[in-house]
Student: 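A single structure is presented below for examination.
Numbering starts at 1 and runs along the sequence shown.
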Amino acid sequence: MSDGTITLPWQVIRQDDNGNRYRVGQYATRAEAQKIADNLDSRGHKQLYWVERIGGTAGPAGFPGPSGAA
């Protein structure tokens, strides 16, 4: 971008046991975000982590996104 701003269009979302969702972080590339999500997921906790594009509605496979769309 010519104005010097950094675009971070990918986010990692965490869903806890009660269904509450939290943004873990924002990242420049999907690969970077997926690496973070995979690392967190490998820790073996019950939380669910996934990557989504900011403004998108896709959640993890089999789970609805924030708007309820699959």
Student: With a 3.5 Å distance limit and no angle check, can you tell me whether Asn18 reaches the backbone of Asn20 through a side-chain donor-acceptor pair?
Tutor: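 Not a single qualifying donor-acceptor pair exists.
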Student: Tell me, do Val24 and Tyr49 make a side-chain contact under 4.5 Å, heavy atoms counted?
Tutor: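 With C-beta onward as the side chain, the pair touches.
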Student: Side-chain atoms of residues 32-44: list all donor-acceptor pairs with protein atoms under 3.5 Å, sequence neighbours left out, distances to 0.1 Å.
Tutor:
{"unit_1": "Glu32", "atom_1": "OE1", "unit_2": "Ala28", "atom_2": "N", "d": "3.3"}
{"unit_1": "Gln34", "atom_1": "NE2", "unit_2": "Asp38", "atom_2": "OD1", "d": "2.8"}
{"unit_1": "Ser42", "atom_1": "OG", "unit_2": "Asn39", "atom_2": "O", "d": "2.7"}

Student: If you round to the nearest 0.5 Å, how far is CD of Glu52 from CZ of Arg30?
Tutor: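 So the gap between those two atoms works out to 10.0 Å.
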Student: Considering residues at least two apart in sequence or located in another chain, which fulfil the side chain to side chain contact (heavy atoms under 4.5 Å, CB included) criterion with Asp17?
Tutor: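 Asp17 satisfies side chain to side chain contact (heavy atoms under 4.5 Å, CB included) with Lys46 only.
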Student: Distance from Gln47 atom CD to Gln15 atom CD, nearest 0.5 Å?
Tutor: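 Output value for this atom pair is 10.0 Å.
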Student: For Thr29 versus Trp10, what's the shortest heavy-atom pair and its separation?
Tutor: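 Closest pair (atom of Thr29, atom of Trp10, distance): C-CD1, 3.4 Å.
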Student: Does Arg23 have any side chain to side chain donor-acceptor pair (under 3.5 Å) partners at least two apart in sequence or in another chain, and if so, which?
Tutor: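 Testing Arg23 for side chain to side chain donor-acceptor pair (under 3.5 Å), a comparison that skips the adjacent residues, returns Gln26.
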Student: What distance separates Ile54 CD1 from Leu8 CG, expressed to the nearest 0.5 Å?
Tutor: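 Rounded to the nearest 0.5 Å, the CD1-CG separation comes to 7.0 Å.
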